[in-house]
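Everything below concerns the one structure shown next.
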Amino acid sequence: MKIFSLILALLLSLTFRASFAEEEKKFLTLGTYTYGIHHRMENLLPLSSLLQEKLDGEYKVVTVSFPSVDDLIQAMLQNEVDIVFISTSGYLGYLEQAQDFDIAGALIDDSGSSSSYRSVIAASKQSGISDWEGVMKKSKDLKFSFVDEKSTSGFMFPIKQLESKNLIPLNEYFNSIDFSGNHMKALESILSGDSDLAAFGANDLHALGNRKEEINILWISDAIPLGPVLVSKTIEERVKKEIEDLLHGLHQTEPTVFETIKSGWVEAQHASRFEKVNLAYYLEFLK
């Protein structure tokens, strides 16, 4: 009976220690945003597991997908996330409010492919618009469909193009402005003639195939920089280095994990690696 009691006490002690150790374990939260039905959890969970392994189990890495870019930014402002996969426009929008995150790296696409991450402005053939001269002459009669105010290729970059044509502010130059919610809906609005002009991503344009003949393409941007991976400035420097080293070598050391991450963002299909970049890298594209 005495031996049984000693064994029981030992088991209880070990259980308590294991429980205590789990409670003492530090957490890192990896956050991203949902687009449509794509929350990207499956794309990032392998990276989370790999990072947890690289940190020798010292940290438990939790992956979270927020309903929108705005929700992700709020989580950043409230220090609820430590590692962030964010869109280009989301990153620049965050910088207007705080600068508590550093860039760990960004996916690099130097393929030069026409289907790389680009922005498009096109016109419905039913509108009679075939060039910018026509847009400027008839702008106050035209309905313009964008994707979302937080969309990089469906709003931010098209706005820069419209600024260069002196067609800003939108509500002064166009009859009406609509936000479709996603790229394909914006494109479909000019295919159907519901809108006269639309801005959307080049991937949706290439998916049209022969139906591209049904619209007039007014502008296609240069390749747009893919959104960065950010790390909180509160993370220990040695942990930041582990994250950066893992990302930068991922295409070579863990190509399956790398491809899994890429597949969560259609615009990243031609990306070849993660690379260290800085804020100037993004601002250069806005000039």
Side-chain angles (χ1 to χ4, degrees), residues 33-38 40 68-70 86-93 107 109 111 113-132 134-135 138-139 142-165 167-168 170-171 173-227 262-271 285-286:
Y33 60 99
T34 298
Y35 178 72
I37 61 172
H38 304 294
R40 304 184 170 106
S68 68
V69 173
D70 279 337
I86 195 169
S87 66
T88 303
S89 63
Y91 171 55
L92 295 173
L107 283 167
D109 175 2
S111 67
S113 171
S114 62
S115 58
S116 293
Y117 189 28
R118 300 173 192 270
S119 178
V120 178
I121 296 177
S124 164
K125 285 200 170 176
Q126 298 176 46
S127 70
I129 301 297
S130 59
D131 53 31
W132 284 107
V135 173
K138 299 180 179 179
S139 68
L142 303 177
K143 179 179 179 181
F144 208 135
S145 182
F146 294 92
V147 175
D148 182 276
E149 287 182 298
K150 286 291 186 285
S151 173
T152 306
S153 59
F155 187 71
M156 186 178 78
F157 271 70
I159 288 297
K160 296 299 295 182
Q161 174 64 7
L162 292 170
E163 282 178 352
S164 74
K165 300 293 182 182
L167 290 168
I168 297 294
L170 296 174
N171 59 358
Y173 284 94
F174 294 97
N175 180 49
S176 65
I177 303 300
D178 172 66
F179 291 97
S180 64
N182 68 57
H183 294 264
M184 186 49 73
K185 284 184 179 178
L187 177 49
E188 287 173 348
S189 74
I190 55 171
L191 287 170
S192 66
D194 288 341
S195 296
D196 302 299
L197 302 169
F200 47 88
N203 283 294
D204 294 274
L205 175 65
H206 287 284
L208 276 183
N210 292 333
R211 293 200 69 193
K212 283 189 282 189
E213 302 298 323
E214 298 177 30
I215 60 175
N216 291 323
I217 299 167
L218 305 180
W219 169 78
I220 299 178
S221 75
D222 292 334
I224 299 171
L226 294 160
K262 278 176 51 179
S263 65
W265 282 264
V266 65
E267 60 266 31
Q269 61 179 312
H270 297 296
F285 287 86
L286 295 178

Ignoring hydrogens, what is the shortest heavy-atom contact between [X] and [Y]? Give both atom names and the distance.
X	Y	value
Ala199	Ala186	O-CB, 3.7 Å
Gly36	Thr34	O-CG2, 3.5 Å
Asn216	Ile129	ND2-O, 2.8 Å
Gly227	Thr88	N-OG1, 3.3 Å
Ala202	Ser116	CB-O, 4.1 Å
Tyr117	Thr152	OH-CB, 3.1 Å

Do the side chain of [X] and the main chain of [Y] share a donor and acceptor less than 3.5 angstrom apart?
X	Y	result
Ser180	Phe146	yes
Arg118	Ile220	no
Ser89	Lys150	yes
His183	Gly201	yes
Lys262	Ala271	yes
Ser145	Ala198	no

Where do Val120 and Leu187 land on the side-chain contact (heavy atoms from CB on, under 4.5 Å) test, with the steps shown first? CA-CA 10 Å; Val120 178; Leu187 177 49; over 6 Å; no
May I ask you to decide whether Glu188 forms a salt bridge with Lys185, counting only side-chain N to carboxylate O separations under 4.0 Å? no
Do Lys143 and Asp178 sit within salt-bridge range, that is, some charged N less than 4.0 Å from a carboxylate O? no
Under the side-chain hydrogen bond (donor to acceptor under 3.5 Å, both in side chains) test, which residues partner Asn203, sequence neighbours left out? Gln269
Which residues satisfy the side-chain hydrogen bond (donor to acceptor under 3.5 Å, both in side chains) test with Ser113, sequence neighbours excluded?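 With neighbours one apart ignored, the set is Ser115, His270.
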Distance check, rounded to the nearest 0.5 Å: [X] atom [atom1] versus [Y] atom [atom2]?
X	Y	atom1	atom2	answer
Ile190	Asp196	CD1	CG	9.5 Å
Ser153	Asp204	OG	CG	8.0 Å
Lys160	Ser119	NZ	OG	13.0 Å
Tyr33	Ser87	OH	OG	4.5 Å
Ile224	Asp109	CD1	CG	11.0 Å
Leu162	Phe155	CG	CZ	9.0 Å

Carefully, step by step, assess Val69 and Asp148 under the rule side-chain contact (heavy atoms from CB on, under 4.5 Å). CA-CA 11 Å; Val69 173; Asp148 182 276; over 6 Å; no
Passing option when Ile121 is tested against Phe200, Phe157, Trp132 for side chain to side chain contact (heavy atoms under 4.5 Å, CB included):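 Going through the options one by one, the only one that passes is Trp132.
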Is any side-chain heavy atom of [Y] closer than 4.5 Å to one of [X]?
X	Y	value
Tyr35	Asn182	yes
Leu208	Leu191	yes
Ile159	Leu170	yes
Arg40	Trp265	yes

Whether over 12 other heavy atoms sit under 6.0 Å from Lys125 NZ: yes
